Amino acid sequence: MKENLRKANSRKKYAIAVLLCVLVLFVVILILSKKNSKEGDVMAIYVQEEGADYIFTSQDDGLSWADGKVPVFFMTAQKKEIRRDGEEMTVTIQNKSEDVVMYGSSFSLYRWSENTWVPYDEMKPSEQDFVFNDRGYLLQPNDSNDMKCYLQYYDFKRGKYLLRKEVSWEKDDSKWDLSVEFVVD
């Protein structure tokens, strides 16, 4: 009986040792993956009211937000990386408020340079006369809408970019900037 008790204790110790080894390995892998990722690897989305200092920030497509403050509308991108020759990018504007949000087809681009976002308007020579269609869209409460942003007209360099759209909130006629980061390969 004592021998059976020793075997049982031995198996328990072995199981605990294996479990601890797996846990330690998991923690080491997690730490190494954090160290190997650069700050620019994480693509973020931003929401900011015009004239306000606070910027809502999410690094997981709006699943969670910094400081736990959640905006009532935001924009995500279906692709986080595009080719240098440009292509279209589909963005999704989500309205989780109880009021209508209005927006147009225009957008602004910014390029990450020397630790700041700088306006980017380098069009391909053949597209210098490109203009946006001045059409307004209404996004109903608790709804979302996909919109194509045509980037093939821009002469991109490799790097990190920001696509920004302005929306108006019917509740108080306030203007908001919705932004999403992406990378040009």
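Worth saying up front: this structure is predicted, and the values here are computed from it rather than measured.
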Exercise. Where do Asp185 and Arg83 land on the salt bridge (Lys or Arg N to Asp or Glu O under 4.0 Å) test, with the steps shown first?
Worked result: CA-CA 5 Å; Asp185 183 9; Arg83 297 182 308 269; over 6 Å; no
Exercise. Does the side-chain contact (heavy atoms from CB on, under 4.5 Å) test come out yes or no for Val91 and Gln78, once each step is laid out?
Worked result: CA-CA 6 Å; Val91 296; Gln78 292 180 2; over 6 Å; no
Problem set entry | Check against side-chain contact (heavy atoms from CB on, under 4.5 Å), Lys148 and Thr90 | CA-CA 4 Å; Lys148 293 190 185 308; Thr90 302; 3.7 Å; yes
For this session: I would like to know whether Phe73 and Trp176 meet side-chain contact (heavy atoms from CB on, under 4.5 Å); could you show each step before the answer?
Result: CA-CA 9 Å; Phe73 38 80; Trp176 293 74; 3.5 Å; yes
Problem set entry | Residue pair Lys80, Glu181: steps toward the salt bridge (Lys or Arg N to Asp or Glu O under 4.0 Å) verdict | CA-CA 7 Å; Lys80 298 295 183 186; Glu181 294 179 1; over 6 Å; no
Problem set entry | Residue pair Tyr137, Val101: steps toward the side-chain contact (heavy atoms from CB on, under 4.5 Å) verdict | CA-CA 8 Å; Tyr137 301 95; Val101 172; over 6 Å; no
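Judged by the 6.0 Å and 45° rule, Lys69 forms a cation-pi pair with Tyr54.
Contact annotation: the side chain of Arg111 never approaches that of Val184 to less than 4.5 Å [non-hydrogen atoms, C-beta and beyond]. The shortest distance between side-chain heavy atoms of Leu109 and Leu163 falls below 4.5 Å. Taking 4.5 Å as the limit, every side-chain heavy atom of Phe56 sits out of range of all side-chain heavy atoms of Glu49.
Distance check, rounded to the nearest 0.5 Å: CG of Asp99 to CG of Asn142 gives 10.0 Å. Atom CG of residue Asp146 and atom OG1 of residue Thr92 lie 3.5 Å apart, to the nearest 0.5 angstrom. Rounding to the nearest 0.5 Å places OG1 of Thr57 at 7.5 Å from CD of Gln59. Gln140 contributes atom CD, which lies 8.5 Å from atom CD of Glu170 (distance to the nearest 0.5 angstrom). For the atom pair CG (Asp177) and CG (Leu162), the distance works out to 9.5 Å, reported to the nearest 0.5 Å. Rounding to the nearest 0.5 angstrom, the gap separating the CE atom in Met43 from the CG atom in Asp60 is 13.5 Å.
A chain of hydrophobic side-chain contacts below 4.5 Å, direct or via other Ile, Leu, Val, Met, Phe, Trp or Tyr residues, connects Met75 to Val70. Cluster membership check: Trp169 shares its hydrophobic cluster with Leu178, using side-chain heavy-atom separations under 4.5 Å among Ile, Leu, Val, Met, Phe, Trp and Tyr.
The two residues Lys165 and Tyr103 have their closest heavy-atom pair at CE-CD1, 4.1 Å. For the pair Met147 and Ser105, the tightest heavy-atom approach, listed with the atom from each and the gap, is CE-CA, 2.9 Å. The minimum heavy-atom distance between Ser64 and Ser58, with the atom names listed, is O-OG, 2.7 Å. Nearest heavy atoms, Gly62 versus Ile45: N-CD1, 3.5 Å. Residues Ser144 and Gln94 approach most closely at CB-CG, 3.8 Å, considering heavy atoms. Here the closest non-hydrogen pair linking Met89 and Phe182 is CE-CG, 3.3 Å.
Donor-acceptor pairing under 3.5 Å is recorded for the side chains of Ser174 and Asp172.
Between Lys157 and Glu122, at least one side-chain nitrogen of the basic residue sits less than 4.0 Å from a carboxylate oxygen of the acidic one, meeting the salt-bridge criterion.
Applying the ring pair (Phe, Tyr, Trp, His ring centres under 6.0 Å) rule to Tyr46 yields no partners; only residues at least two apart in sequence or on another chain are considered.
Proximity of a side-chain donor or acceptor of Asn95 to a complementary backbone N or O of Leu139 within less than 3.5 Å is detected.
For the ring-ring contact (aromatic ring centres under 6.0 Å, His included) test with Tyr161, the passing option among Trp112, Tyr120, Phe107, Tyr110 is Tyr120; the others fail.
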